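Whatever order the structure lists ligands and atoms in, that order sets their numbers, starting from 1. Residues: numbered from 1 along the sequence shown. This structure is a prediction, so every number in the text was calculated from the model and none was measured.
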Amino acid sequence: MFSLESALRTELSSLAEQGLLRELRVLDTPCSPRARAGEQELLSFASNDYLGLTAHPALSRALAEGSFAWGSGSGASHLISGHLKPHAMLEEALANFLGFARCITFSSGYLANLAVTPTLAARRDDEIFSDRLNHASLIDAARLSRARQHRYRHGDLKALAKLLAASSAKTKVIVTDAVFSMDGDIAPLAGLFELAEQFDAWLVVDDAHGFGVLGERGAGSLSHCGLPPHPGIILMGTLGKAAGVGGAFVAASETVIEYLQNKARSFIFTTAQPPALAVAALTSLSLINDSDERRSHLNDLIALLQTSLSGLPWSLLPSGTAIQPLMTGDATLSLAEALRKRGLWVPAIRPPTVPTDASRLRISLSAAHSKEDVLRLATALHEAGREIL
Ligand SMILES: *Cc1c(COP(=O)(O)O)cnc(C)c1O
């Protein structure tokens, strides 16, 4: 083996020994609750396609037509020559839909997050206040900044207030997931906004899992929490989860968006996403707007899962969203395996993604599931529970 490889091989072997080696599973079917990997048919509870839109023919058509009309790529970054009419139309439609003054789009949510926090809090004497359970991309974003980062206890407004009160930073930025990606609970957005106002801080909200699903017409977590758009709020959302396409956006005031356009490195130094994706995302936006039935079906499934899992030796975290974590601890891997044998796919989430002792099965529900699908999962979990314990 090439000598530099051997150290990497040793580390990988040690991960494998701990059962922590991660491997890619190749699916032979498009994103859907019904998946096939090689010979195995799987009923999947593993995607973020909360409204089941990835399979919507109107989106495939928009993508195909968008590509014939606008070509396969944008050819340059936004500021050079890659900002095409579909990008501009998508940004305007998103701003209108969300009620913010302006919007900017990105190739992914990861890049959108890298754009916001380090740009607002760029200086050594700025301070960032992050929920402890924030998504990895928000943590990485804070690391890219020279500012000091404080991490407050999950959802703890009192702890955050204390940190803010003790801070003398000129620019303070509060950063939070709106729906926490591994727990499924919703951040106390109204309380966070009150603190932001009181301490003159920006509030950055990552609504990757709320946009399209929560709130009026799927406008997201701010709407769900009764928080109207405000120039002090910067809202990020992804277009690859409920929206079923790919890419992301940041919605904010005119000033903030113009500032990001001029300063955010992950906007400036990357090729604009293919315009066909913006065409498809525009179609997705109107589907989201008309998806009250899908959202209400999804809510029925959430309630059904919660009642049908009662009596299990493990409990669900208190989550009202499509993310339903079953806290299975040491049994996580064997349970995931027992489910897989029964043709069910629920991802096992283990450290370092979650804290030690907090291993879980992360059940993701989608409007593409049927009630029968949910009941099949519940039956399998009850059976596997008896088998394992
Ligand atoms: C998925 C996710 C992102 C990243 O979005 P991508 O478009 O997939 O890069 C950011 N934040 C949270 C909370 C997420 O769950």
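- Taking the charged nitrogens against the carboxylate oxygens, Arg340 and Glu337 do have a contact shorter than 4.0 Å, which makes a salt bridge.
- Aromatic pair His135/Phe180: centroids not less than 6.0 angstrom apart.
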Please output the side-chain donor-acceptor pairs of residues 297-306 that fall under 3.5 Å, not counting sequence neighbours, one pair per line with the distance.
unit_1: His297; atom_1: NE2; unit_2: His369; atom_2: O; d: 2.7
unit_1: Asn299; atom_1: ND2; unit_2: Arg295; atom_2: O; d: 3.4
unit_1: Gln306; atom_1: NE2; unit_2: Ser319; atom_2: O; d: 2.9
unit_1: Gln306; atom_1: NE2; unit_2: Gln324; atom_2: OE1; d: 3.4

Below 3.5 Å only, please: the N or O atoms of ligand 1 paired with protein N or O atoms, distance on each line.
unit_1: ligand 1; atom_1: 7 (O); unit_2: Gly109; atom_2: N; d: 2.7
unit_1: ligand 1; atom_1: 9 (O); unit_2: Gly109; atom_2: N; d: 3.0
unit_1: ligand 1; atom_1: 9 (O); unit_2: Tyr110; atom_2: N; d: 2.9
unit_1: ligand 1; atom_1: 11 (N); unit_2: His135; atom_2: ND1; d: 3.4
unit_1: ligand 1; atom_1: 11 (N); unit_2: Asp206; atom_2: OD1; d: 3.4
unit_1: ligand 1; atom_1: 11 (N); unit_2: Asp206; atom_2: OD2; d: 2.5
unit_1: ligand 1; atom_1: 15 (O); unit_2: His209; atom_2: NE2; d: 2.5
unit_1: ligand 1; atom_1: 15 (O); unit_2: Lys241; atom_2: NZ; d: 2.6

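- For Asp373, the side chain to side chain donor-acceptor pair (under 3.5 Å) partners are Arg34, Ser370, not counting sequence neighbours.
- Taking His87 as the reference, His78, His83 meet the ring-ring contact (aromatic ring centres under 6.0 Å, His included) condition, with sequence neighbours excluded.
- For the ring pair (Phe, Tyr, Trp, His ring centres under 6.0 Å) criterion with Phe249, the lone passing option out of Phe267, Phe97, Phe211 is Phe211.
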